[in-house]
Amino acid sequence: MSVVALVVDDSMLIRHTVCRFLEERGFAVESATNGQEALEALKRVRPDIIITDIQMPKMSGSELITAVKTDPALAGIPIVIVAGKQSGFEHTEKRATYTIFKDIDIEKQLAKALQVVLGEKAAKAHAAKSGT
């Protein structure tokens with residue numbers, strides 16, 4: 001069974017980059033362009049990890065994190081934030097499990113985040129994808 005990730009970002013480029021990176025490593029990926037869409041997706045799927053931007057239209061990443069953390073069925077899902085280094089979010093948003101900066105080798109940071117946050121689950125997803 002695949003490890004499931006929910007990727008939430010209003011930037012099509014970042015969303016595509018993160019989704020492709022995860023899919024290449026054996027993840028099943030759902031995506032959304034804002035927090036509202038992410039909450040709708042969470043009614044259909046229970047991801048093993050949520051990767052979200054902070055600044056988005058309709059519902060921000062912080063608002064999404066609040067909704068996830070206050071729902072007992074979702075509260076245990078690890079959250080990785082992806083945002084610009086200049087945003088300063090890492091000083092204000094402390095509820096995420098890990099943070100990644102868009103402007104610094106996002107794939108390298110994402111690989112590190114997956115190892116830290118999911119550990120063995122991430123390795124198993126990659127092994128399943130590569131057939132080892």
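The chain is numbered in sequence order, starting from 1.
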Whether the side chain of [X] engages the backbone of [Y] through a donor-acceptor N/O pair (distance < 3.5 Å, no angle test) should be reported.
X: Asp48; Y: Val4; answer: yes
X: Thr17; Y: Leu13; answer: yes
X: Lys58; Y: Asn34; answer: no
X: Glu63; Y: Ser60; answer: yes

query: Got a salt bridge between Glu23 and Arg20, using NZ or NE/NH1/NH2 to carboxylate O under 4.0 Å?
result: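 No, no charged N to carboxylate O under 4.0 Å.
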
- request: Under the side chain to side chain contact (heavy atoms under 4.5 Å, CB included) rule, what do Leu74 and Lys69 come out as? Steps first, then yes or no, please.
  value: CA-CA 7 Å; Leu74 305 174; Lys69 294 297 183 186; over 6 Å; no

query: Does Ile54 belong to the same Ile/Leu/Val/Met/Phe/Trp/Tyr cluster as Ile77, with side-chain heavy atoms less than 4.5 Å apart forming each link?
result: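 They do share one cluster, since a chain of ILVMFWY contacts under 4.5 Å joins Ile54 to Ile77.
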
Which heavy-atom pair separates [X] from [Y] by the least distance, and what is that distance?
X: Pro47; Y: Leu42; value: CD-CD2, 3.4 Å
X: Asp10; Y: Gln55; value: OD1-O, 3.3 Å
X: Leu39; Y: Ala67; value: CD2-CB, 3.8 Å
X: Ala32; Y: Ala38; value: CB-N, 3.5 Å

[X] side chain near [Y] side chain, heavy-atom distance below 4.5 Å:
X: Leu114; Y: Phe21; value: yes
X: Arg25; Y: Val3; value: no
X: Leu6; Y: Val45; value: no
X: Asp53; Y: Val82; value: no

task: Test Ile51 against Leu110 for side chain to side chain contact (heavy atoms under 4.5 Å, CB included), laying out the working first.
output: CA-CA 10 Å; Ile51 301 170; Leu110 192 52; 3.8 Å; yes

field: Which residues share a salt bridge (charged side-chain N to carboxylate O under 4.0 Å, His left out) with Arg46, sequence neighbours left out
entry: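 Arg46 satisfies salt bridge (charged side-chain N to carboxylate O under 4.0 Å, His left out) with no residue once adjacent residues are dropped.
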
message: If you apply the rule side chain to side chain contact (heavy atoms under 4.5 Å, CB included), what do you find for Thr52 with Asp9, and how did you get there?
response: CA-CA 6 Å; Thr52 185; Asp9 201 309; over 6 Å; no

message: If you apply the rule side chain to side chain contact (heavy atoms under 4.5 Å, CB included), what do you find for Ile50 with Val68, and how did you get there?
response: CA-CA 10 Å; Ile50 297 171; Val68 168; 4.0 Å; yes

field: side-chain hydrogen bond (donor to acceptor under 3.5 Å, both in side chains) against Glu37, all qualifying residues, sequence neighbours excluded
entry: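 Here the qualifying residues are Thr33.
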
message: What's the separation between atom CD1 in Ile65 and atom CE in Met59, rounded to the nearest 0.5 Å?
response: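 Separation between the atoms: 11.5 Å.
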
